[in-house]
Protein chains: 2
Amino acid sequence: MTVSRALRDPDKVSAKTLEKIKAVVDRLGYVPDPAASALAAGKTNVIGVIVPSVTNNVFSDVMRGIYEAAEGSKWQIQLGNSRYSPLEEESLVRTFLSQKPAGLILSGLDQSEETSKLLMGADCRIVQIMECGPDPFDMMIGFSHVDASAAATRHLLDAGYERPGYIAARLDPRSQRRLAGFKAAAEKAGVFDPARIVTTPRASTVTLGCELVADLLSKAPQTDAILCNNDDLALGALFECQRRGLRIPEDIGLCGFNDLEMMAAANPPVTSVRTFRLAMGREALRMLTGALAGIEPETPVVDLGYEVIARQSTARVG
Amino acid sequence: MTVSRALRDPDKVSAKTLEKIKAVVDRLGYVPDPAASALAAGKTNVIGVIVPSVTNNVFSDVMRGIYEAAEGSKWQIQLGNSRYSPLEEESLVRTFLSQKPAGLILSGLDQSEETSKLLMGADCRIVQIMECGPDPFDMMIGFSHVDASAAATRHLLDAGYERPGYIAARLDPRSQRRLAGFKAAAEKAGVFDPARIVTTPRASTVTLGCELVADLLSKAPQTDAILCNNDDLALGALFECQRRGLRIPEDIGLCGFNDLEMMAAANPPVTSVRTFRLAMGREALRMLTGALAGIEPETPVVDLGYEVIARQSTARVG
DNA sequence: TTGTATGCGTTATCAT
DNA sequence: ATGATAACGCATACAA
């Protein structure tokens, strides 16, 4: 019993005993059994993280933030991949909950009915990431996708483009909200034309960016700017426009979303909407572990905002 | 006890009892406690995976392969991020082993002395991924980085380039072996010049690809082809060459490594060395779970090979 | 095929 | 500050 205390909370043991214990632990190479601990205590140091994709750059940055913030602490990150499927998400939540986790980090606002039920009854802290919305299960950190893409749209219009189009792949809930933001801003400016929207359920790739641009330009050749649902598509769009001899930004403007590192290095550099993915992961974990330590966040919902990074690809001359 | 059996091995229970049990399990929403199971059985269904980076595209593809192969099975994937640090790797191995995992998947051949000791004494199956080498702890699946980059180098020479350079970032063991492969092939052809090698300890980015090319061309302006340690650098190299008005492939040839999806979409399409990352993850998990089920692989070391995908960026005319 | 007794290694609780 | 006891929920070994 004293050993158990010494290892978990050294202050509760006299210095002398502590020393003795440490020596023996070292000599024997003793390592506590987490399973026995979990069984006896009825809880674990596991923090479950569920993301829709482990390949997508966006989520890998968030994951990195989470791992960095957890580094060296007692918290164990456990990663689940829902592959954009609400059913797989539900199954993962079930699995995680059976492990009596200390906390759960989920992506987005659109959990299924069943998942919501599980989460409401869950005896752990929860952080939703990637978006901001009105009704967090517990805590939330992200930004408004509608606002961010509306801002990007206005940037295109302010730059002098008059017939903006939109390309998107895999319409997950966040993509749909970005599309809605574009539509709202374009309608407000009186430049919305559904013929200039091209989408597909396929997953985003650079190649797909090329194809979507080809589609868009054949359907609506007058398009003079393209807002891309993410930077992979934007890179494809850049390549495809250049292959067609279109000058960027003179003939056509280009804007991405997320501001991956490559956008600044491109030729020409591509305008994008910066999002704070590393910080989001880091802060999500901090909110969670803080709450577990009894320190509640000032507000349950944290909006990290976004920033339109204007570059040459939308710097129309004249 | 019968319930325990029914849930783990339904065949050992009569159909009638099974049905009754299922009904009650459903009604009560019973979920077994993995901690209690681990404690009683002295083992778990956890498969620990340690990768050096969760951001790098290369590893995210491998991870995806692992997750896909584990989907729906009883095996629980647990991911650790060693951030290219042998010490963090050692700490992760220690943590994983305390959980009595069924298996471990590690990256590379270069575990520390201490890590090796831990692994030799470990009571679980082990798969090393990313590389092939002579002395697996247990099983191994990957390819030869030396051979792959030597093949890429020969491709450049066969295409008629005569003064190939090499750019690389973050010289982890695999990068070093790729550099060694380039050097060996270039020396063999009598075209090796250390002035045409530019490296940095910084992590690979597209922007860094631009900078390294700038460096290379200022140190060795006669360079007529660049072999890039990975595709991020290659993309940066593409942009930087184009910014400088160099024609690809006429003035300078370009070859990447890994064949990320974007290389085929680029303008011009960029030659790269294809590696089988998704398959590597998938097969690593299959080898592991197969072995756990008593089915040993035909050979402990599996070489997945590589393929030089020649594209326009090295199609020199004349 | 089903059930009983026992123990896994830790922690909560209470006592000293 | 330290220690004794019981309990956590499941699986092993064995019995019926």
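Numbered from 1 within each chain, the chains take letters A, B, ... in sequence-line order.
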*Any salt bridge between A:Arg177 and A:Asp172, counting N to O under 4.0 Å?*
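So A:Arg177 does not pair with A:Asp172 through a salt bridge.
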_With a 4.0 Å cutoff (strictly under), does any side-chain N or O of A:Thr2 reach OP1 or OP2 of D:dA1?_
no
*Sequence neighbours excluded, which residues qualify as side-chain contact (heavy atoms from CB on, under 4.5 Å) partners of B:Thr205?*
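By the side-chain contact (heavy atoms from CB on, under 4.5 Å) rule, B:Thr205 matches A:Glu261, B:Thr207, B:Leu208.
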*How close do B:Pro32 and A:Ser98 get, heavy atom to heavy atom, and via which atoms?*
O-CB, 4.1 Å
_Distance-minimising heavy-atom pair for A:Thr44 and A:Ala38_ =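 In this case the closest contact between A:Thr44 and A:Ala38 is CG2-CB, 3.6 Å.
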Specify the separation, in whole Å, of atom [atom1] of [X] and atom [atom2] of [N].
X: B:Leu7; N: D:dA11; atom1: CG; atom2: P; answer: 9 Å
X: A:Ile21; N: D:dA1; atom1: CD1; atom2: C1'; answer: 11 Å
X: A:Asp11; N: D:dT2; atom1: CG; atom2: P; answer: 13 Å
X: A:Lys16; N: D:dT2; atom1: NZ; atom2: P; answer: 10 Å

_Value rounded to 0.5 Å, distance of CD1 in B:Ile129 from OG in B:Ser107_ = 4.0 Å
*Contact letters for nucleotides 5-16 of chain C, in which S counts primed atoms plus P, OP1 and OP2 and B counts the base, heavy atoms under 4.0 Å*: --BBBBBB----
*Which one of A:Val93, A:Ile50, A:Leu119 satisfies the side-chain contact (heavy atoms from CB on, under 4.5 Å) criterion with A:Gln111?*
A:Leu119
